[in-house]
Number of protein chains: 2
Amino acid sequence: MSSQPSASASVASSSRVLEHPDRSAIRLEAVLHALSDPMRLRVVRTLAAHGSEMACSDVELDVSKSTCTHHFRVLREAGVISQTYRGTSKMNGLRRADLDAVFPGLLDSVLAAAEGEERRLAAAH
Amino acid sequence: MSSQPSASASVASSSRVLEHPDRSAIRLEAVLHALSDPMRLRVVRTLAAHGSEMACSDVELDVSKSTCTHHFRVLREAGVISQTYRGTSKMNGLRRADLDAVFPGLLDSVLAAAEGEERRLAAAH
DNA sequence: GTCGTAGTACGGTAACTGTCAAACTACGAG
DNA sequence: CTCGTAGTTTGACAGTTACCGTACTACGAC
């Protein structure tokens, strides 16, 4: 049902391999659902701003480690991020190419929307 | 906290008035959550394709009336649609101007994404 | 006034979801 | 080998959500 991580992710460097949906198995509702949670949207915005892959622990969320694991898994299973183990760490990256191919402009419009909303809310306080 | 329906909706023609969030109270997460459900996405696509306002009963969903009421309310409370009573019917319209002002390009990219996904899934069968 | 329709409120069910602590595994450093 | 860290799994809890049937309200037609 799944394949190896997309081309944007490096080859796994441990025996632990993570399942990712094929580009063709990415569904809009799962993507929108994944992005509708504030924690996960924050992850995605952080990865987008950073540009290159980041370890889970480098993305600062104010929740427990088990909750972090939960949220990263939802993003991976929706096809929004790719994940690869590097020793004890797991490196995460946006599946930008896949998402832009399947839903052109969606990711950027969500990121821009979040940016704009954050600025408006900051200005309102 | 809410105001009268946005300018895109007509004046209410009955004593029943529905609360709608101000443009400034529309939140991205609520919008994405509202659009991540297949029933609600169908409503929004139908309203988008139709162009002008439609009655609840004119949007064909394969669920009970009480479930329809639930979904339309989620869309209204997220600020995605405006609703106005007309006799026994309730007229619904996309809050296109508000959504485009608050999250430029988001609605169109979601609609295009849904369109593209539908075509790909239809071609795959 | 009655009648039919659109839509609602309520209570219920079942599944989902986000949260966590605790115990765990996998890995690299030493 | 031990140790520390990253991340996981499990079970639990509480809240949310989509679904429904039923009884209801509001409205217009007559």
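The sequence lines fix the lettering, A, B, ..., with proteins before strands; numbering per chain opens at 1.
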Please determine, for the side chain of B:Ser89, which listed nucleotide (C:dA26, D:dG7, C:dA6) has the closest atom? C:dA6

Short side-chain N/O contact to D:dG7 OP1/OP2 from A:Ser57, under 4.0 Å: yes

Linking I/L/V/M/F/W/Y whenever any side-chain heavy atoms sit under 4.5 Å apart, do B:Val63 and B:Leu75 land together? yes

Hydrophobic clusters here meaning ILVMFWY residues chained together by side-chain heavy-atom distances under 4.5 Å, can you tell me if A:Met91 and A:Val43 are in one? no

Considering every strand and a 4.0 Å limit on heavy-atom distances, what is the contact class for A:Ser66: base, sugar-phosphate, or nothing? base

Nearest whole angstrom, please: distance from the C1' of C:dG7 to the CZ of B:Arg86. 16 Å

What is the distance from atom CG of A:Leu35 to atom CG of A:Leu111, rounded to the nearest 0.5 Å? 8.0 Å

Under the 3.5 angstrom rule, does the side chain of B:Arg76 hit a backbone N or O of B:Glu19 as a donor-acceptor pair? yes

Tell me, which pairs form a salt bridge (Lys or Arg N to Asp or Glu O under 4.0 Å) where one or both residues lie in residues 114-125 of chain B, sequence neighbours left out? B:Arg45-B:Glu115, B:Arg45-B:Glu118

Ignoring hydrogens and angles, are the base of C:dA21 and the side chain of A:Ser64 linked by a donor-acceptor pair under 3.5 Å? no

Distance check needed: C:dC27 C1' versus A:Met91 CE, whole Å only. 15 Å

Tell me which residues in residues 67-81 of chain A lie within less than 4.0 Å of DNA chain C, going by non-hydrogen atoms. A:Thr67, A:His70, A:His71

Could you list all the salt bridge (Lys or Arg N to Asp or Glu O under 4.0 Å) pairs where at least one residue sits in residues 55-66 of chain B, not counting sequence neighbours? B:Arg42-B:Asp62

Give the rounded distance in Å between these two atoms: CD of B:Glu29 and P of D:dT17. 13 Å

Please test A:Leu121 against B:Arg27 for side chain to side chain contact (heavy atoms under 4.5 Å, CB included), starting from the C-alpha separation and ending with a verdict. CA-CA 10 Å; A:Leu121 291 178; B:Arg27 296 284 171 269; 3.4 Å; yes

Gap between atoms CZ and C1', on B:Arg16 and C:dA6 respectively (whole Å): 8 Å

Looking at residues 33-42 of chain B, who's got a heavy atom less than 4.0 Å off DNA chain C? none

A:Leu106: which of A:Leu28, A:Leu99, A:Asp100 passes side-chain contact (heavy atoms from CB on, under 4.5 Å): A:Leu28

Nucleotide C:dG7, atom P - distance to CG of B:Leu18 in whole Å: 11 Å

Could you tell me whether a side-chain N or O of B:Asp37 sits under 3.5 Å from a main-chain N or O of B:Met39, the two making a donor and an acceptor? yes

Could you tell me the separation between the OH atom of B:Tyr85 and the P atom of D:dG28, rounded to a whole number of Å? 13 Å

Just by modelled atom types, is the B:Gln83 backbone N or O under 3.5 Å from a matching donor or acceptor in the B:Asn92 side chain? no

Give every pair of a protein N or O atom and an N or O atom of nucleotides 2-4 of chain C that lie under 3.5 Å apart, one pair per line with the distance.
none

Starting at atom NZ of B:Lys65, determine the distance to atom C1' of D:dC24, rounded to an integer number of angstrom. 12 Å

State which of D:dG21, C:dC20, D:dA6 makes the closest approach to the side chain of A:Val63. C:dC20

Residues passing the side chain to side chain contact (heavy atoms under 4.5 Å, CB included) test with A:Thr69, sequence neighbours excluded, are A:Arg73

Taking B:Val74 as the starting point, is it possible to reach B:Ile26 by hopping between hydrophobic residues whose side chains are less than 4.5 Å apart? no

